[in-house]
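Remarks on the structure that follows.
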Amino acid sequence: MAFEAIRAQSAAVDLLSRAIRSGRVAHAYAFVGPSGVGRRLTALAFAQALLCPAEGCGQCRTCARVNAGTHPDCHLIVPDGQNIKIEQIRELERLAHLTPHEGRRKVFILDAADRMTLPAAHAFLKTLEEPPARTVLVLILAQIRALPATILSRCQLVRFSPLPLSDAVALLIEHGVEAGEAPLLARVSEGRVGLALARAPKSFAEQRDQALSLLGEVAAKGAEPLLTRTEAMGRDRGLVEAFIETYWLWYRDLLCVKAGGDSRLLIHADREAELAQTAAASTWEEILRALAQCRAAWQALQGNVSPRLTLEVTLARLALRAA
Ligand SMILES: [Zn+2]
């Protein structure tokens with residue numbers, strides 16, 4: 001079955017393949033879990049299983065078109081800009097009342113369903129209350145509380161979890177990440193392989209090293225590298241976000257080392273010696289303050305503060321300790 005490609009989500013896959021085999025398919029499902037762990041992949045595999053004459057062989061024309069997003073009975077709905085809008089739900093409603101083009105059913109996958117506007121959610125609730133025949137709705141969302149309970153109570157809940165480290169490493173290597181880099185990437189992404197892959201066009205470890213060496217440089221030389229280095233990269237919001245996240249994880253590791261935590265819990269486990277040294281030289285207050293500063297930087301970036309300014313202020317606070 002098409003589910004064979006899904007890794008380490010056996011609870012979800014068992015539930016869905018049982019529904020297919022028994023013919024007892026619900027009108028609506030809510031796939032709940034962090035992004036990057038295979039929710040959308042599973043939704044597409046489920047759509048293949050629902051539409052393909054061989055229950056998702058993964059080989060036939062039906063399966064291929066579901067995968068390519070060109071099957072007329074399988075619709076993927078994603079936010080239009082920031083949100084899923086009411087117009088998109090009205091279009092779903094219209095299509096859902098048509099007879100399937102080819103298959104036995106119509107499948108609608110709403111990715112980032114938690115980003116429905118309130119009017120869209122109300123319209124969607126109406127669809128759920130009177131589900132069109134032969135229609136399966138799949139909502140993909142991160143948090144169970146992100147949608148009104150009236151919607152979720154009408155969906156069968158399917159839970160997704162982050163991948164265990166070993167599965168994440170294996171999967172990253174299969175997708176072309178170098179074996180030496182995969183464990184770090186798996187740890188930093190906390191088992192969200194899809195996110196790790198989306199973010200690793202070039203060497204992830206290299207970017208991590210750049211972030212930490214910039215922090216070290218500012219600590220050693222004062223403000224001068226701040227001004228030269230941040231000018232070049234300060235326009236790239238994604239890069240600055242990655243740097244801030246690196247710092248956040250670095251101080252999180254320091255806290256872990258200082259508390260005597262197991263070294264298997266470390267994200268930057270390849271730098272254990274340096275972490276131990278820095279942790280010994282830092283006070284609890286310093287580490288906690290640094291974590292708070294990273295969080296403030298993250299919020300500033302989400303709130304549209306200039307990436308360059310955010311990076312400069314954060315580096316200055318982290319590295320240039322007030323005398
Ligand atoms: Zn097939």
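Atoms within a ligand are numbered from 1 in the order they appear, just like the ligands themselves.
- Using a cutoff of 4.0 Å between basic side-chain nitrogens and carboxylate oxygens, Arg115 and Asp80 are not scored as salt-bridged.
- For the residue pair Lys106/Thr135, the side-chain donor-acceptor check at 3.5 Å is satisfied.
- Taking a cutoff of 4.0 Å between a charged side-chain nitrogen and a carboxylate oxygen, Arg237 and Glu241 do not qualify as a salt bridge.
- Sorted by chain and number, the protein atoms of type N, O or S within less than 2.8 Å of the Zn ion (ligand 1) are Cys52 SG, Cys57 SG, Cys60 SG, Cys63 SG.
- Electrostatic pairing of Arg271 and Asp209 counts as a salt bridge here, judged by a charged N lying under 4.0 Å from a carboxylate O.
- Taking the six-membered ring where the residue is Trp, Phe46 and Phe31 present tilted rings, their angle falling between 30° and 60°.
- Between His27 and Arg154, the side chains place no donor N or O within less than 3.5 Å of an acceptor N or O (distance only, hydrogens not considered).
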